Asks: 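Pasting a structure here, questions to come.
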Protein chains: 2
Amino acid sequence: MISPNRILAGDCRTILPTLPEASVDLVFADPPYNLQLHQDLHRPNGTIVNAVDDAWDQFADFAAYDKFTREWLTACRRVLKPDGALWVIGTYHNIHRVGAILQDLHFWILNEITWIKTNPMPNFRGVRFTNAHETLLWAARSRGARYTFHHHAVKSLNEQLQMRSDWVLPVCGGKERLRANDGAKVHSTQKPEALLYRVILSTTNPGDLILDPFFGTGTTGAVAKRLGRRWLGIEKDAAYRRAAQKRIDAIPETRLPEEDLATPDPRKRERIPFGRLLEEGMLSAGDTLTFGERDGAKARILADASLSCKGKRGSIHQIARLLHGGPSNGWDRWFALDRRTGERISINRLREELREKEK
Amino acid sequence: MISPNRILAGDCRTILPTLPEASVDLVFADPPYNLQLHQDLHRPNGTIVNAVDDAWDQFADFAAYDKFTREWLTACRRVLKPDGALWVIGTYHNIHRVGAILQDLHFWILNEITWIKTNPMPNFRGVRFTNAHETLLWAARSRGARYTFHHHAVKSLNEQLQMRSDWVLPVCGGKERLRANDGAKVHSTQKPEALLYRVILSTTNPGDLILDPFFGTGTTGAVAKRLGRRWLGIEKDAAYRRAAQKRIDAIPETRLPEEDLATPDPRKRERIPFGRLLEEGMLSAGDTLTFGERDGAKARILADASLSCKGKRGSIHQIARLLHGGPSNGWDRWFALDRRTGERISINRLREELREKEK
DNA sequence: CAGGCATCTGAATCCTTGT
DNA sequence: GACAAGGATTCAGATGCCT
């Protein structure tokens, strides 16, 4: 029997073999991502981005990272009960290495969860898409093994909506973010408690033992304590351990609000860009729009969903402002020819139809 | 030179080696993820049919899939131009195998996109979270290689907001879904055209050659045709090929001019040396510039269009870097007095006026 | 005290061209 | 290919100051 609710000092690959096997109900692991950043990044305003360049995130190559991954996953699997489960979080830099090795080690993936960040860092140079999500893998110890899933808990708010594999949550910041006296982040990659709240509530029972082999500043322990689960952390760094211990000691026995569990329906957060009508084929590049219900100015739709009108190029709103001379909602101003009827139809009507289609 | 816009019959692993190397701009691949592992394992009630936990059995299956993946990825990489790129779509069943092998083959992941389905198939039994997303990987042919990304086009598509890595789109259904006379789906995993629209618009140029090694019912070809790109499909199944050909033939040839298909890119505009503003008489040697919109450091313009500031001499960019500490675009930093109005005006505005004049 | 405006920051594999 | 130089580039949310 493991003595729970404490932080063990050291590398999980050496600590884990000293623990009894088949004694842990859930592993939550936030391993190094192997980010490999090689230069400074500046925001457009000239400030520099605080990079994740910690020593613990440095690996020589993929082979070294794979070896590390295989070792800690193997060690975790040994201490897991047969009906225990494991969560790992990562990004494209590492998650595919982890996922493949996980499968090789006979873990059985139950779900992939995509954590959609409401407030990610933008791509400042405009050279890629904003990296706005991270990936969590939830896996049973082996194929066919039993596992814990509290369907009733996650559906308690609203049938269906909260059970999806996309979780929309802000990144960890504000008062929740642990900071040193000088304002510096204690840990460069602290996870939000809301994320762990969902994980722990949905896939463990009260009293279960939750192990975090990369404890960091102890988000897993904090939420476990809040939710009446036992926990065990392993962490190499003494400063992280101190911060985590202090944080967890200060946790009152209050619960986080239930609404932290609610996953907003993507249909609810839709702000449909005009471009979606093109992507859906409801309109095509080259089509002509008319300004106003009766004969008005004509505009040609371009492939990027901007309009071309009288030598100007801009969004439906920009061109509408131009023509109207004042603030204007392009959705109400522009009309297309309906392909089905040949009648003039407002692009707003087309948007409504798209909304219907997405249900 | 490959003859484009046609469907080649056969297995891409045998067809691809017959094509010339370094001839393709983009690969979009929707590979099968029919791991034997996933068949005949669970009864409808969730019990295990054949709970073989034979390590070798499993390994053999993953190994077979890995071998297949390595083969088609290697073959695709050969036909890719050095600055070409590759997209793959998959789910947690296969995407981690693909992602890891991709990296092993020295592809360089640029983004992971998570396609959030507005209307996924619910998990009726409530034993897991509803799988509401699929994953796309976008990778350059190698680390540090150039690649195509039309930042402004996708920004325009998204109402002037930078496009993120989470794409919220409905699954393919309705009129778009190809169906046989009996109403049966022609292809079980037909992808929505909206997905390909975003991929193709953002990461290819008009006229580029797009290869789809698992063509299926030809969504890639259909959208490529709509957007004025060339395409090449490889497909084993004759029924899929027939459906794809018919579908694509029904799409009218795009005759949009290049400028309607592409979005103007400020990075591609002709450079105007600062000295031109002096030559044009918009500024004069001896004039004073101010650093920043509000009162900042002063600099004197010299006859050779360099600036003199605090005993240093250099270009608008060099002096800006000096004052600002970090990379800096001098055009945005320096302000002059407008001779016409006496107001402070950005030298960038003056440059814009010059550009207008030169049209 | 409310509201407005400026500032700061977050797991980021973040430039392009000419010499 | 290395190097120097030009110059393009950001979103949401929290915090704090000022009026």
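All values derive from a computational prediction rather than experimental measurement. To find a chain, count down the sequence lines: A is the first, B the second, and so on, and within it residues start at 1.
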Asks: Would you mind reading off the distance between B/R164 atom CZ and C/dA12 atom P, rounded to a whole angstrom?
Replies: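 Distance check: B/R164 CZ to C/dA12 P gives 13 Å.
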Asks: Please work out if A/V171 contacts a base, only the sugar-phosphate, or nothing of the nucleic acid, heavy-atom cut-off 4.0 Å.
Replies: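 A/V171: backbone/sugar contact only, no base atoms under 4.0 Å.
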Asks: Rounding to an integer number of Å, can you tell me how far B/I316 CD1 sits from D/dG6 P?
Replies: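 After rounding, the gap between these two atoms is 8 Å.
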Asks: Checking contacts here: which listed nucleotide (C/dT16, C/dT13, C/dG10) is nearest the side-chain heavy atoms of A/K185?
Replies: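 Shortest atom-to-atom distance from the side chain points to C/dG10.
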Asks: Counting only Watson-Crick pairs (N1-N3 plus N6-O4 or O6-N4) and G-U wobbles (N1-O2, O6-N3), all under 3.5 Å, who is the partner of C/dC14?
Replies: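 When the pairing criteria are applied, nothing turns out to pair with C/dC14, so the answer is none.
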Asks: If you check the B/R271 side chain, which of D/dT9, C/dG10, D/dG6 turns out closest?
Replies: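 Of the candidates, D/dG6 comes closest.
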Asks: Going by distance alone, is a donor N or O of one side chain under 3.5 Å from an acceptor N or O of the other, for A/N34 and A/Q36?
Replies: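 Yes, A/Q36 and A/N34 have a side-chain donor paired with an acceptor closer than 3.5 Å.
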Asks: Which base, if any, makes a Watson-Crick or G-U wobble pair with D/dT9, both distances under 3.5 Å?
Replies: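 Looking at the geometry, D/dT9 pairs with no nucleotide.
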Asks: Would you mind classifying the nucleic acid contact of B/P266 as base, sugar-phosphate or nothing, using non-hydrogen atoms under 4.0 angstrom?
Replies: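 Result for B/P266 = sugar-phosphate.
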Asks: Check the phosphate of D/dG7 against B/H317, side-chain N and O only, distance under 4.0 Å to OP1 or OP2. Yes or no?
Replies: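 Answer yes for this pair, as a side-chain N or O of B/H317 is under 4.0 Å from OP1 or OP2.
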Asks: Using atom C1' of each nucleotide, how far apart are D/dA12 and C/dT13 to the nearest Å?
Replies: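 Pairwise C1' distance, D/dA12 against C/dT13, rounds to 23 Å.
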Asks: Sticking with atom C1', work out how far C/dC1 lies from D/dC18, rounded to a whole angstrom.
Replies: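 To the nearest whole Å, 13 Å.
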Asks: How would you label the contact of B/H151 with the nucleic acid (heavy atoms, under 4.0 Å): base, sugar-phosphate, or nothing?
Replies: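 Sugar-phosphate, no base atom in range.
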Asks: On DNA chain C, does the nearest nucleotide to A/G126 precede the nearest nucleotide to A/K191 from the 5' side, or the other way round? Give the residue.
Replies: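 Between the two, 5'-proximity favours A/K191.
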Asks: Starting from C1' on D/dA8, measure out to CG on B/D332 and report it in whole angstrom.
Replies: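 After rounding, the reported distance stands at 8 Å.
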Asks: How would you label the contact of B/N111 with the nucleic acid (heavy atoms, under 4.0 Å): base, sugar-phosphate, or nothing?
Replies: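 Nothing, no nucleic acid heavy atom in range.
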Asks: Between B/R141 and B/W108, is NZ or CZ placed under 6.0 angstrom from the six-membered ring centre and within 45° of the ring axis?
Replies: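 No, B/R141 does not sit over the ring of B/W108.
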Asks: What's the closest nucleotide to the B/P327 side chain, out of D/dT10, C/dG10, D/dG7?
Replies: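 Among the listed nucleotides, the one closest to the side chain of B/P327 is D/dG7.
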Asks: Check for me whether A/R97 meets the cation-pi criterion with A/F62, that is, NZ or CZ under 6.0 Å from the six-membered ring centre and within 45 degrees of the ring axis.
Replies: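 Checked: cation-pi criterion met.
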Asks: OP1 or OP2 of C/dT13 less than 4.0 angstrom from a side-chain nitrogen or oxygen of A/N131, does that happen here?
Replies: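 A/N131 to C/dT13 OP1/OP2: side-chain N or O found under 4.0 Å.
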Asks: Does the side chain of B/R267 get closer than 4.0 angstrom to OP1 or OP2 of C/dC14 through an N or O atom?
Replies: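 So the side-chain polar atoms of B/R267 never come under 4.0 Å of the phosphate oxygens OP1 or OP2 of C/dC14.
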Asks: Hey, does A/P192 reach any base, or is it just sugar-phosphate, or nothing, if we go heavy atoms under 4.0 Å?
Replies: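 Contact class for A/P192: none.
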Asks: Using Watson-Crick or G-U wobble geometry with both distances under 3.5 Å, which nucleotide pairs with D/dT15?
Replies: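 D/dT15 is paired, partner C/dA6.
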Asks: Taking only side-chain N and O atoms of A/R43, does any of them lie within less than 4.0 angstrom of OP1 or OP2 on D/dT10?
Replies: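 A/R43 to D/dT10 OP1/OP2: no side-chain N or O under 4.0 Å.
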Asks: Measuring from atom CG of B/L136 to atom CD1 of B/I89, what distance do you get when rounded to the nearest 0.5 angstrom?
Replies: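 The distance works out to 4.0 Å.
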Asks: Check whether the side chains of B/D332 and B/N348 place a donor and an acceptor atom closer than 3.5 Å, and report yes or no.
Replies: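 Yes, a side-chain donor-acceptor pair sits under 3.5 Å.
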Asks: Starting the side chain at C-beta, find the nucleotide from D/dT9, C/dT16, C/dA11 nearest to A/L35.
Replies: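 Closest nucleotide among those given: C/dA11.
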Asks: What is the distance, to the nearest angstrom, from the CE atom on A/M121 to the P atom on C/dT13?
Replies: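 Answer to the nearest Å: 9 Å.
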Asks: Take atom CZ of A/R128 and atom C1' of C/dC15, then tell me their distance rounded to the nearest Å.
Replies: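 So the CZ-C1' distance, A/R128 to C/dC15, works out to 12 Å.
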Asks: How many whole angstroms separate atom CG of B/N329 from atom P of C/dT17?
Replies: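 To the nearest whole Å, that distance equals 15 Å.
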Asks: To the nearest angstrom, how far is A/N123 atom CG from D/dC11 atom P?
Replies: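 Rounded to whole Å, this separation is 10 Å.
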Asks: Which nucleotide in the set D/dC11, C/dT13, C/dG10 lies at the smallest distance from any side-chain heavy atom of B/Q162?
Replies: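 Closest of the options to the side chain of B/Q162: D/dC11.
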Asks: For D/dA14, take OP1 and OP2 only and decide whether either is under 4.0 Å from a side-chain N or O of A/R179.
Replies: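 No, A/R179 has no side-chain N/O under 4.0 Å of OP1/OP2 on D/dA14.
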Asks: Which listed nucleotide (D/dA12, D/dA8, C/dC14) is nearest to the side chain of B/L161?
Replies: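 Between D/dA12, D/dA8, C/dC14, the one nearest the side chain of B/L161 would be D/dA12.
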Asks: Tell me whether the NZ or CZ atom of B/R77 lies within the 45° cone about the ring axis of B/F107 and under 6.0 Å from its centre.
Replies: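 Yes, B/R77 lies over the aromatic ring of B/F107.
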Asks: Is a donor on one side and an acceptor on the other found under 3.5 Å between the side chain of B/R355 and the backbone of B/E270?
Replies: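 The answer is yes, because a donor-acceptor pair under 3.5 Å joins these two groups.
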Asks: Answer syn or anti for D/dT15, where the cut-off is 90° from 0 on the glycosidic torsion.
Replies: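 Base orientation relative to the sugar is anti.
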Asks: Using a 4.0 Å heavy-atom cut-off, does B/R351 contact any base of the nucleic acid, only the sugar-phosphate backbone, or nothing at all?
Replies: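 Contact class for B/R351: sugar-phosphate only.
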Asks: Rounding to an integer number of angstrom, what distance separates C/dA11 and D/dA8 when you compare their C1' atoms?
Replies: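 Per the computed distance, 25 Å lies between those C1' atoms.
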Asks: Nearest to the side chain of A/R177, which nucleotide is it out of C/dT9, C/dA11, C/dA12?
Replies: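 Nearest to the side chain of A/R177 among the choices is C/dA11.
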Asks: Given D/dA8, C/dC15, C/dG10, identify the nucleotide with an atom nearest to the side chain of A/Q39.
Replies: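 Out of D/dA8, C/dC15, C/dG10, the nucleotide with an atom closest to A/Q39's side chain is C/dC15.
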Asks: Report yes if the distance between the aromatic ring centroids of A/W56 and A/F214 is under 6.0 Å, otherwise no.
Replies: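 Between A/W56 and A/F214, the centre distance exceeds or equals 6.0 Å.
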Asks: With a 4.0 Å limit, can you tell me whether A/T47 has a side-chain N or O closer than that to the phosphate oxygens OP1/OP2 of C/dT9?
Replies: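 No, outside the criterion.
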Asks: Where the side chain of A/L41 is concerned, which of C/dG10, D/dT9, C/dC14 is the nearest nucleotide?
Replies: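 Closest nucleotide among those given: C/dC14.
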Asks: Mind checking if A/T130 touches a base, just sugar-phosphate, or nothing, with heavy atoms under 4.0 Å?
Replies: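 It contacts nothing in the nucleic acid.
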Asks: For B/H152 and D/dT9, is the shortest distance between a side-chain N/O and OP1 or OP2 below 4.0 Å?
Replies: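 Yes, within the criterion.
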Asks: B/K155 NZ to C/dC14 P: how many Å, rounded?
Replies: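 The distance from NZ of B/K155 to P of C/dC14 comes to 19 Å, rounded to the nearest Å.
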Asks: Counting heavy atoms from C-beta on, name the nucleotide in D/dT15, C/dA11, D/dA8 closest to the side chain of A/Y33.
Replies: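 For the A/Y33 side chain, the nearest candidate turns out to be C/dA11.
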Asks: With the criterion set at under 5.5 Å between ring centres and under 30 degrees between planes, would C/dT13 be stacked on B/W108?
Replies: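 B/W108 vs C/dT13: stacking yes.
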Asks: Looking at every strand, decide which applies to A/W115 at a 4.0 Å heavy-atom threshold: base, sugar-phosphate, or nothing.
Replies: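 No contact.
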Asks: Regarding A/N123 and B/H151, is there a side-chain donor-to-acceptor distance under 3.5 Å anywhere?
Replies: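 No, B/H151 and A/N123 have no side-chain donor paired with an acceptor closer than 3.5 Å.
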Asks: At under 4.0 Å between heavy atoms, what does A/T91 touch on the DNA or RNA strands: base, sugar-phosphate, or nothing?
Replies: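 A/T91: no heavy atom of the nucleic acid under 4.0 Å.
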Asks: Rounding to an integer number of angstrom, what distance separates C/dA12 and D/dG6 when you compare their C1' atoms?
Replies: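 Nearest-Å result for C/dA12 against D/dG6 at atom C1': 24 Å.
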Asks: Using a cut-off of 4.0 Å on non-hydrogen atoms, how would the nucleic acid contact of A/G174 be classed: base, sugar-phosphate, or nothing?
Replies: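 Touches sugar-phosphate only.
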